[in-house]
Every structure is written in structure tokens, then in C-alpha cells.
There are 2 protein chains.
Amino acid sequence: MDGRTKVSAAWVADKPPRRQQPLSREQIVRGAVTYLEQHGLEDLSMRKLASHLGTAATSLYWHVATKDQLLDLVLDEIFGEVSLPEEEGEALADLRRVLHEVRRVLSRYPEAARLAASRPTLGPRALRVVEYTLGAFLRWGYPEESIAYAYNLVANYTIGGVLVELSRQRVAGADSTTDGVSEDADTMREFVESLPSEEFPNFVRLSGLLVKANDDESFEFGLDRLLAGISNDLAK
Amino acid sequence: MDGRTKVSAAWVADKPPRRQQPLSREQIVRGAVTYLEQHGLEDLSMRKLASHLGTAATSLYWHVATKDQLLDLVLDEIFGEVSLPEEEGEALADLRRVLHEVRRVLSRYPEAARLAASRPTLGPRALRVVEYTLGAFLRWGYPEESIAYAYNLVANYTIGGVLVELSRQRVAGADSTTDGVSEDADTMREFVESLPSEEFPNFVRLSGLLVKANDDESFEFGLDRLLAGISNDLAK
DNA sequence: ACCGTCAATGGAACGTCGTACCGGAGGGGG
DNA sequence: CCCCCTCCGGTACGACGTTCCATTGACGGT
């Protein structure tokens, strides 16, 4: 209600004061990461992110070409959280360590796995991780011609794992009659009991195990098998 | 310009004739699948799908609760294309066969992998596949307590594989200066050459192999290692 | 033959999204 | 002092998913 000292047309609302310090691409990316953490990927819109940062949506476009590019940057920023061992130990152990780290970070922002799965991870911070992983393979003595394949294998497995955990959190009934979407393991059990056990005997029989399979244990289990399978290629 | 035989207010445009046969949920789902195949996932909107079917967007909502539910149904429909061996052969071979089939089908609709990764696959047709896979594990003699884990492992790997292939098709430069998105392996090579080889020596050295890694071979390679790792658990 | 019922359709509209356009504000160098 | 360059943000456009509702027409009962 009070006019500012400067004389001006009284009916004009005061413009918000100029931003103390112009915002930077980095600020935007970091803001997006924390927004992602708090509200999830599908709630992240340019407008909401902007108001989270105290700006207008269109202002973001000065620093960032497109939402897609922003997401690339966000993903890379997240990969920056992956911490790599300072000193090199036994190669295989280091390999395990870095895979666990990636898994840990991606789980911290579950949506990040979706990002990682939908776009290649070639930002500078992500490359840091790739570089380290390849190095571990080399130090391990893994044959060079096969490293690309082996790398794909473990990368697939790690990202895919987080992804599937994520999707299992929201179990959707997709049979022809029901359309509900629900979220916990009880509903899963309920779903299992609802379907004809003569048609899916194995599934019904094993469903108990399938339901209570622990994510971390499952990752560990798979990683063990996977590395065991790989180590047969090692030059003896 | 011509009025129809029925007398009616001449200025009223002729309503489109009533649909010869009311459309069904199945028609919609199948229409969505072919639309997906032709135009891709991100072009699939309710309006476009509707006009592809010769209806109005809002008419779809009589048969389907929500777009999300429709996607569930679409995914399950796609899983229906997975053909299972008629007669059971050697268990391990059957296991390989079904995984290859899933991979084949998911690759046919590359977007389907994204769907499969973002929602659990528990529709009736998908369950058919799960059921068969579990059966193969059992016949193989795999210890029951571990089947859930082993199943997760191979499922992750198969879906994750298609997903990563898909994402590698569009290599995005995500370093701080460029923002282009491009598509072929040449651009990839160009990207590799643009980055400091002293910072990422392994990556640069191996990039040739990483680039020309063939998807099918890569899948085969990983599958071999993976099953090798798993078969150590077999009751001898 | 009429009528009422009711599954099925589609137009209008709401709120949201990504983004283009552009008029300006502020500050620094001539 | 003025101009220019950087940065901001209001307005607006077209597309989206979805809700609401008026309307249609086929069918079963009388």
C-alpha cells in the first residue's frame, strides 16, 4: 500500500526488487536436485522449480535451453555425489564399491534412475564414474576386447535394479476388471490370492518369496553371480 | 452443402454418423499399440490416439479410466506377443529362449521397455511369461529359496538391456557448453575426441570398443556370464 | 407402435504444461 | 550522459489429461 520513495504512478504495484545476485545455471541445477528429492520427478515443472527458486519460469530459459537439457544437467549433478575410493585397493573390491555407490546415490533420488535410464550419462561428473569403473576392470586384468560388454552388463544391472525396485513400490493391478493402483506389499499379497492358482501355479507358489525379497539382498545376490560369471574371462 | 433426407434445421452441420459398432476397450488398446509402433511413446496423447481411431478424445474415457491405466493395458498387450515354446525342452535352453523372446518383443516397440521399466508387469499376459520363466527355473533344479533373486536378476538384465540400447541411440552432449542432441555413432566419436584424453584415459582408449559394441552380441555376452554365474547354485 | 432406459458419444471447458516473444530494468564502459 | 549488454519476467500460444454434461440411438417392455 505504501508508495516507494521514488515518485511513480501510484496505481502501479511495486516491482519486486532486482535479484540481489543474478542466478546461475548452477543454482538452477542444484535447486532442481533438491526439488527432485523433495517432490519427485513428475512434480518438477519449470514453473514450480522457478517459484521454488523465487523467480519466474521464463527466467530459467536464459540459463538453460530447454527442460530436457536441464534434466541432463540434473542427472550429471547427481552423479557428482558418487564418491570414488581415494586410493586404489584390490581391483575387484573397488569395482564392487563403485557399483554400490552408484546404487546408493541413485536410490537416494529414486527418480534419478528413471533419468539415467532414459538418457545416456555422459556429463563430466558421470564420466568420472565411468572412467573409474573402466579402470577397475583394467586393473583387474580383464581382457580389453570384452570390457565394453562387461561394462554394459554391470551398468545395466545396477541401473535396472534401482529401476525395478522403484516400479515395484507401486503395484498396479492391470487385469481386465480392476484398475486400482496401490502401493504396499499387502496389496500385492491380496492380488496374488485373487488370481487362479491353477493357471499360475509357480507364481502363486513362489509369490511369498517374490514379495518379501529384500532389495539390498537381491542386489547383492545378483552382483555376486554376475561377477562370478565375469571372472571366468580373467586371464589366468 | 446438401441437406440430408431427414428434414432438420438446415444450418446445423450434419453430425457424424453414429459409430457402426461401439468401440471396445480392446480396440482402443490395440489402436494404441499400433500407434505406439508408428509414432512412439511421447507422441501418444489421448487426443491423437482418438483421432487415429476416428473418435473424440473424451470418448475413450468411457472405456478406460485414465491414460495411465491405458498404458498398463498396452504393456500387457505387448507382452502378449511373447511366444512361449510349445513343448518343454532342456530347462536352461528354454530359459534362454524366453529371455530372447522378451528382448525381441521389447525391441520391436522400443518404447515398451520404458513402459516395462516404469510400472510392474502383472497383467495376465505378462504373468504368462513370468509363470513360464519361473517354471523353467524350477525344472532346471534351481533352489527354490533363491529363485526370486535369480528371477529378478535376469528380468532386470533383460529389460535394462533394451532400455540402455534405446537411450544410447540418442547421445546427448551434457557438458557445460554444448547442448545439442544427436543420434548416431559418428557424433559419439566426435564427442569422444572433444574431451581431454588425459582426464579420461581409459574411456578414450576404450571408446572405440564402447561405440561399436553390438547390441545383440552384448546381450548374448551378458546373458552367458549371467547364467554361468547363476548355475553355480545348482544342486549337483 | 410408442416409450423409457441407458450404454455410449463428443463438445466445451479447466487447469497445467513447455516454451517463444518481447518490453523493459539495471549497471558498466564510452 | 547515454548506450548497450545482461538478465528478468509478464503475456500468450498450443497441447496436454481430464471432468462435466447434453445428446444420441438401440433395445426391451407394453
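So you know, we letter chains A, B, ... as the sequences are listed, proteins then strands, and number each from 1.
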Without decimals, in angstroms, what is the distance between [X] [atom1] and [N] [atom2]?
{"X": "A/Met46", "N": "C/dA20", "atom1": "CE", "atom2": "C1'", "value": "13 Å"}
{"X": "B/Lys67", "N": "D/dT19", "atom1": "NZ", "atom2": "P", "value": "14 Å"}
{"X": "B/Asp68", "N": "D/dT18", "atom1": "CG", "atom2": "P", "value": "7 Å"}
{"X": "B/Leu49", "N": "D/dG17", "atom1": "CG", "atom2": "C1'", "value": "13 Å"}
{"X": "A/Leu60", "N": "C/dG18", "atom1": "CG", "atom2": "P", "value": "10 Å"}
{"X": "A/Leu41", "N": "C/dC17", "atom1": "CG", "atom2": "C1'", "value": "14 Å"}
{"X": "A/His63", "N": "C/dT19", "atom1": "NE2", "atom2": "P", "value": "16 Å"}
{"X": "A/Leu53", "N": "D/dC8", "atom1": "CG", "atom2": "C1'", "value": "14 Å"}

Whether [Y] and [X] form a salt bridge (side-chain N of Lys/Arg under 4.0 Å from carboxylate O of Asp/Glu) is what I want to check.
{"X": "B/Arg97", "Y": "B/Glu101", "answer": "no"}
{"X": "B/Glu111", "Y": "B/Arg114", "answer": "yes"}
{"X": "A/Glu165", "Y": "A/Arg103", "answer": "yes"}

Examine [N]: is either OP1 or OP2 under 4.0 Å from a nitrogen or oxygen in the side chain of [X]? Give yes or no.
{"X": "B/Ser45", "N": "D/dA15", "value": "no"}
{"X": "B/Lys48", "N": "D/dA15", "value": "no"}
{"X": "B/Thr66", "N": "D/dT18", "value": "yes"}
{"X": "A/Ser59", "N": "D/dG9", "value": "yes"}

For this session: Measure from the side-chain heavy atoms of B/Ala56 and tell me the nearest of C/dT19, D/dG17, C/dG10.
Result: C/dG10
Problem set entry | Side chain of B/Trp62 (C-beta onward), nearest among D/dG17, C/dC17, C/dA8 |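 Of the options given, the side chain of B/Trp62 lies nearest C/dA8.
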Exercise. For A/Arg104 and A/Glu81, what are the C-alpha separation, side-chain angles and deciding distance, and is it a salt bridge (charged side-chain N to carboxylate O under 4.0 Å, His left out)?
Worked result: CA-CA 10 Å; A/Arg104 186 187 65 82; A/Glu81 276 187 38; 5.6 Å; no
Exercise. Does A/Arg47 or A/Ala57 map to a spot on DNA chain D nearer the 5' end, using the closest nucleotide for each?
Worked result: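 Result: A/Ala57.
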Problem set entry | Distance-only donor-acceptor test, A/Thr58 side-chain atoms vs D/dG10 base atoms, 3.5 Å |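 Counting by modelled atom types and ignoring angles, a donor-acceptor contact under 3.5 Å is found here.
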Exercise. Between B/Tyr35 and B/His52, what is the ring plane arrangement, given parallel below 30°, perpendicular above 60°, and tilted in between?
Worked result: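 B/Tyr35 vs B/His52 ring planes: perpendicular.
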